[in-house]
Amino acid sequence: LGYALLHPLAVVVYGRTVSDDLEIERLRDAFELRHARMAAYFAFIGLVFGFVHGLDRHRTNILYHRVRELSVTDSLTGLHNRRFFMESLRREHARASRYGNDLSVIMIDIDHFKKFNDSHGHPAGDTLLRHFADRLRQSARRTDIVARYGGEEFMILMPDTQLEMAAHLAERLRKDIESFPFENRGTQPTGTITVSIGCAQFDQKADADVEHLLRVVDDCLYRAKNGGRNQIWYQPPHGCLSNLREMVEKDDLRSDNEN
């Protein structure tokens, strides 16, 4: 394009600024139309190849992000999978360790899920998991990371969140699941679908790695399961395992006595 367009333009500009007709004629004779056509042809070919290459890069970029999305998404529920949760937990754990930010984790287990599967079959169990995941997604905040950890276990990672706020969300979620009209819920031992929940907050001194924090929240969930299910156990930093329901009842009793 430079040869096809700029050379004639240079002749015109040179002719207006220089009065040497012989020099202008020599410059004009140096231009050949076949060379200009060839230059324009190769410019067009380059443009086509550039356009095709751009489309290919765009398609590759879309495929990359699609594959990345599939690699971190649970195919059944559409939530993040365990791999993405662990990557996020390590990132947020490192940030909390460095800057002293709050970080809380919630672990959730559907009570008597195996009995539900045995009674109604795996397709019904998959449907329950999908609807359950929808309830989690709607209950969590936009900044929370909700993931299916495995089987009927789910995790919620809550950056910049203290344990009190995490426990509040957990209790709201527990009540929502208990009252939601899941299909076939009446066949469960309690007459409805319930969950057991463990909550823990990152401890700057004790949680040297993410594995320790996971052990703490897993212990909380274990206590909730063994304590009768459909309840929440939590462990604050430097504190002991506690039952959230017992704490709420004590606070209510204390308030009544004060009144």
Problem set entry | Considering all heavy atoms, the nearest Ala133-Leu79 contact | CB-CD1, 3.6 Å

For this session: Specify the closest pair of heavy atoms between Cys220 and Gly198, including all atoms of both residues, with the distance to one decimal.
Result: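 Smallest interatomic distance, heavy atoms only, reads CB-CA, 3.6 Å.
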
Exercise. With a 4.5 Å heavy-atom cut-off, do Ile232 and Cys199 have their side chains touching?
Worked result: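 The answer is yes, as the side chains (C-beta and beyond) meet within the 4.5 Å cut-off.
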
For this session: With the side chain counted from C-beta on, respond yes when Val195 and Phe113 share a heavy-atom pair under 4.5 Å apart, and no when they do not.
Result: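 Counting from C-beta outward, Val195 and Phe113 never come under 4.5 Å.
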
At what distance, to the nearest 0.5 angstrom, does [atom1] of [X] lie from [atom2] of [Y]?
| X | Y | atom1 | atom2 | result |
| --- | --- | --- | --- | --- |
| Thr73 | Arg148 | OG1 | CZ | 13.0 Å |
| Leu103 | Leu163 | CG | CG | 11.0 Å |
| Gln138 | Phe180 | CD | CZ | 7.5 Å |

For the pair [X] (side chain) and [Y] (backbone), establish whether a donor and an acceptor sit closer than 3.5 Å, ignoring hydrogens and angles.
| X | Y | answer |
| --- | --- | --- |
| Gln188 | Asp111 | yes |
| Arg141 | Met158 | no |
| Asp144 | Ile156 | no |
| Gln204 | Ser97 | yes |
| Thr127 | Pro123 | yes |
| Ser179 | Asp176 | yes |

For this session: Evaluate salt bridge (charged side-chain N to carboxylate O under 4.0 Å, His left out) for Glu178 paired with Lys175, printing each intermediate quantity in order.
Result: CA-CA 5 Å; Glu178 186 178 25; Lys175 292 180 178 179; over 6 Å; no

Exercise. Between Asp134 and Arg130, does a salt bridge (charged side-chain N to carboxylate O under 4.0 Å, His left out) hold up when you go through it step by step?
Worked result: CA-CA 6 Å; Asp134 290 338; Arg130 282 192 290 267; over 6 Å; no

Problem set entry | Heavy-atom neighbours of Met86 CE exceed 12 at 6.0 Å | yes

Problem set entry | Aromatic plane relationship, Phe182 with Phe132 - under 30° parallel, 30 to 60° tilted, over 60° perpendicular |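 Answer is tilted, since the angle falls between 30° and 60°.
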
Exercise. Parallel under 30°, tilted from 30 to 60°, perpendicular over 60°: which one fits the rings of Phe84 and His80?
Worked result: parallel

Exercise. Do you reckon Ile110 sits in the same ILVMFWY cluster as Tyr222, going by side-chain contacts under 4.5 Å, direct or chained?
Worked result: no

